[in-house]
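Chain identifiers are assigned alphabetically (A, B, ...) following the order of the sequence lines, protein sequences preceding nucleic acid strands; residue numbering begins at 1 within each chain. Just so it is clear, the structure is predicted and the values come from calculations on it, not from any experiment.
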Number of protein chains: 2
Amino acid sequence: MAELERLNRLLTEFYDKMSSWEQSVVKETDYSLAQVHTIEVLGCCGAMRMKELAEKLGVTTGTLTVQVDKLVRAGLIERRAHPQDRRAIVVVLTEEGEVIHRRHNQMHLTLVEELTRHISPEQESLLIGCLEKMNREF
Amino acid sequence: MAELERLNRLLTEFYDKMSSWEQSVVKETDYSLAQVHTIEVLGCCGAMRMKELAEKLGVTTGTLTVQVDKLVRAGLIERRAHPQDRRAIVVVLTEEGEVIHRRHNQMHLTLVEELTRHISPEQESLLIGCLEKMNREF
DNA sequence: ACATATAGTTTGATTATCAAGGTAAAGGAC
DNA sequence: GTCCTTTACCTTGATAATCAAACTATATGT
């Protein structure tokens with residue numbers, strides 16, 4: 001099982017490097033890591049209710065309420081009434097929030113482009129296949 | 001560049017899933033995420049001085065001092081004098097710290113084993129190659 | 001119509017974190 | 001050797017993120 005150990009090491013290393021990359025990128029902005037992450041999820045997955053957003057972010061709804069308050073005050077997101085469920089709030093990016101998201105996403109793309117600089121298109125396809133399989137197993 | 005976008009999505013998804021997996025695993029233990037991460041780094045990379053550890057963890061030495069205090073009190077790590085540099089402290093896992101690390105590492109291995117369940121050995125080798133290339137580019 | 005479950009907010013306490021300032025030691029420049 | 005600068009770590013005070021639990025309003029099932 002040396003192969004497994006090696007893969008584990010590489011995945012952990014990748015995770016740690018991604019983590020510090022994200023931290024350093026966020027430090028350049030006016031927003032915190034938690035705030036950028038919230039924007040990221042809303043930008044990638046689209047508007048959603050508090051409950052769902054809290055689950056995706058891995059925090060309680062109480063925590064999210066506080067974060068959403070800040071982002072609303074910063075003008076990046078808005079609270080909207082849910083059309084069917086009057087208990088629910090739908091959180092949606094404002095135009096400014098969209099801008100922030102696109103800018104951040106572009107940095108991600110640039111990073112991935114750099115990371116795969118020495119990976120051939122065929123290998124890249126294989127990598128994509130592996131990632132799909134792995135993500136499905138979580 | 002649709003391929004790039006797709007890879008970016010998959011990597012982000014993988015990162016997020018790893019993150020929540022780690023969080024849920026840590027929640028079962030008596031230690032916090034920051035503490036487990038400290039143990040993880042010491043276990044994988046071996047004993048090192050405060051400065052180096054702080055860099056690997058992405059925190060200031062001030063923050064690390066506080067965390068190390070807690071882990072020393074918990075009996076998982078020890079502060080040792082650096083043999084050459086009398087300003088420096090070498091942080092090292094105790095026997096109990098090693099046990100915690102091995103237990104945590106085993107869970108990582110089990111996870112990776114599950115994740116790669118549907119990946120052939122040949123694909124796995126290719127995946128390892130890709131990860132090595134990507135980690136080198138960070 | 002009533003009981004129970006769910007969505008979101010508020011509150012109080014805890015933890016992690018940083019920046020800035022302090023101490024001690026190392027490493028050069030002279 | 002003596003000073004100056006840099007480095008390593010610790011301490012402190014303030015701030016941000018987080019949770020659990022209590023609360024309000026609405027939905028859902030019996």
Please determine, for the side chain of A:R87, which listed nucleotide (D:dT11, D:dT26, D:dA8) has the closest atom?
D:dT26
Side-chain contact check for A:K70: nearest option of D:dA16, C:dA16, D:dA8 is D:dA16
Specify the separation, in whole Å, of atom [atom1] of [X] and atom [atom2] of [N].
X: B:I89; N: C:dA24; atom1: CD1; atom2: P; result: 14 Å
X: A:Q84; N: C:dT6; atom1: CD; atom2: C1'; result: 16 Å
X: B:D69; N: D:dT12; atom1: CG; atom2: C1'; result: 13 Å
X: A:K27; N: C:dT17; atom1: NZ; atom2: P; result: 11 Å
X: A:D85; N: C:dG8; atom1: CG; atom2: P; result: 8 Å
X: A:L33; N: D:dT18; atom1: CG; atom2: P; result: 8 Å

Which of residues 48-64 of chain B have a heavy atom under 4.0 Å from DNA chain C?
B:G58, B:V59, B:T60, B:T63
SB check A:D85 A:K51 (cutoff 4.0 Å)
no
Is A:R86 side chain donor-acceptor paired with the D:dT26 base, going by distance under 3.5 Å alone?
no
Start with the C-alpha distance between A:I39 and A:I77, add both sets of side-chain angles, then the distance that settles side chain to side chain contact (heavy atoms under 4.5 Å, CB included), and finish with yes or no.
CA-CA 8 Å; A:I39 298 297; A:I77 64 177; 4.0 Å; yes
A:A34 vs B:A88, nearer the 5' end of DNA chain D by closest nucleotide
B:A88
Chi angles and distances behind the side chain to side chain contact (heavy atoms under 4.5 Å, CB included) call for B:K70, B:Y31:
CA-CA 10 Å; B:K70 287 179 194 165; B:Y31 309 103; over 6 Å; no
